[in-house]
2 protein chains.
Amino acid sequence: MKKLLTIRQVAEITKLSVHTLRYYEQIGLLSSIGRDKNGYRCYSSEDITWIEFLTRLKATGMSINKMIEIAELRRQGDSTLNARRVLMEEHYQEVQEQIADLQKNLDLLAHKIVIYKEMETIYELGQKKKCEE
Amino acid sequence: MKKLLTIRQVAEITKLSVHTLRYYEQIGLLSSIGRDKNGYRCYSSEDITWIEFLTRLKATGMSINKMIEIAELRRQGDSTLNARRVLMEEHYQEVQEQIADLQKNLDLLAHKIVIYKEMETIYELGQKKKCEE
DNA sequence: CCTTGACTTAGAGTTAACTCAAAAGTTTAT
DNA sequence: ATAAACTTTTGAGTTAACTCTAAGTCAAGG
């Protein structure tokens with residue numbers, strides 16, 4: 001016995017807007033979302049799981065186009081499991097590199113902050129001198 | 001004796017396009033770029049240093065608007081050194097948190113990759129069985 | 001002298017990823 | 001039963017950060 005959810009409930013659970021949920025479906029990120037007798041969307045718990053997976057991909061900077069690619073492979077069934085895993089592993093590597101770059105640039109900025117502090121001290125000394133004059 | 005550079009040379013050094021250099025100047029990221037007798041831009045080594053600093057801010061995900069804010073403080077001189085340092089420290093903290101989040105999400109994806117591998121094995125066993133039938 | 005190519009400007013066009021609006025049908029609360 | 005709050009669709013609008021185009025000026029090479 002599956003319990004189905006309305007678009008609003010899914011929006012609350014996933015923290016996406018109802019707009020975005022419809023948009024994701026339209027561009028092919030979500031497929032075969034069920035409908036009730038009036039054509040209202042009914043989301044299953046598998047749909048939620050999939051949306052949460054997408055959210056994680058997004059949180060690691062994957063583009064919508066890349067996600068659509070994976071969604072299309074998924075639609076083709078289990079024979080694409082290997083292809084999907086390869087894409088995921090590539091993405092994993094890319095993000096690891098991104099994190100390393102980010103940390104490197106951040107360390108350089110930390111050094112800049114030190115320089116700011118030095119310059120501040122010099123500036124303050126100059127101001128103090130002015131006061132004394 | 002300063003040596004001045006053309007926009008094209010600066011584009012090569014900084015890896016920004018000439019378009020982008022003009023755009024950055026237009027929106028207030030770069031100020032007081034010198035001009036020669038024909039109105040051609042002449043960049044100084046301090047300009048290059050500043051552009052490279054901006055590039056580092058960008059590499060750590062700072063928005064153009066935030067960078068403009070810092071550029072405007074810089075234009076106001078040394079009295080804004082403290083304000084600028086505070087902004088930088090805030091940015092530093094934010095990026096550290098971003099990196100932590102990114103790593104957390106990436107670890108969750110790594111787990112998903114393991115699951116893919118398990119599913120692949122099951123699928124392959126299924127296929128093998130079909131062959132044997 | 002003429003063409004090639006770097007430079008100038010103002011302003012239009014692009015891309016990603018939403019985000020909203022309008023018009024109409026449906027469900028719920030009173 | 002009727003108003004408020006949901007849902008639907010199509011298609012237009014938004015934002016950031018570029019990116020390009022057109023129309024023009026200027027200097028150097030053949």
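Lettering of chains follows the sequences in order, A, B, ..., and the numbering in each one begins at 1.
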Going by atom types alone, do Tyr116(A) and Glu120(A) pair a side-chain donor with an acceptor below 3.5 Å?
-> no

Asp107(B) and Gln103(B) side chains, donor-acceptor separation under 3.5 Å | yes

Are [X] and [N] close enough that a side-chain N or O sits under 4.0 Å from OP1 or OP2?
| X | N | value |
| --- | --- | --- |
| Arg35(A) | dT9(D) | yes |
| Arg41(B) | dT9(C) | yes |
| Lys37(B) | dA27(D) | yes |

Strand contacts (DNA chain D) in residues 12-30 of chain B, 4.0 angstrom heavy-atom criterion |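 When residues 12-30 of chain B is checked for heavy atoms under 4.0 Å from DNA chain D, the hits, listed by number, are His19(B), Thr20(B), Tyr23(B), Tyr24(B).
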
Using a cut-off of strictly less than 4.0 Å between a heavy atom of the residue and any atom of DNA chain D, enumerate the qualifying residues of residues 56-66 of chain A by number.
->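 Correct list: empty, so none.
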
For Tyr40(A) and Met67(A), take the nucleotide of DNA chain C holding the closest heavy atom to each; which residue's nucleotide lies nearer the 5' end?
-> Met67(A)

Nucleotide [N], atom [atom2] - distance to [atom1] of [X] in whole Å:
| X | N | atom1 | atom2 | value |
| --- | --- | --- | --- | --- |
| Ile7(B) | dT8(C) | CD1 | C1' | 10 Å |
| Gln9(A) | dA5(D) | CD | C1' | 14 Å |
| Arg8(B) | dA27(D) | CZ | P | 18 Å |

Closer than 4.0 angstrom, basic N to acidic O: yes or no for [X] and [Y]?
| X | Y | answer |
| --- | --- | --- |
| Glu90(A) | Arg85(A) | no |
| Lys104(B) | Glu97(B) | no |
| Arg35(B) | Glu25(B) | yes |

Enter the distance from Ser44(B):OG to Glu46(B):CD here, rounded to the nearest 0.5 Å.
->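 Ser44(B) atom OG to Glu46(B) atom CD measures 4.0 Å (nearest 0.5 Å).
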
Which residues satisfy the side chain to side chain donor-acceptor pair (under 3.5 Å) test with Glu52(B), sequence neighbours excluded?
-> none

When you look at NZ of Lys112(A), are more than 12 heavy atoms from neighbouring residues, nucleotides or ligands closer to it than 6.0 Å?
-> yes

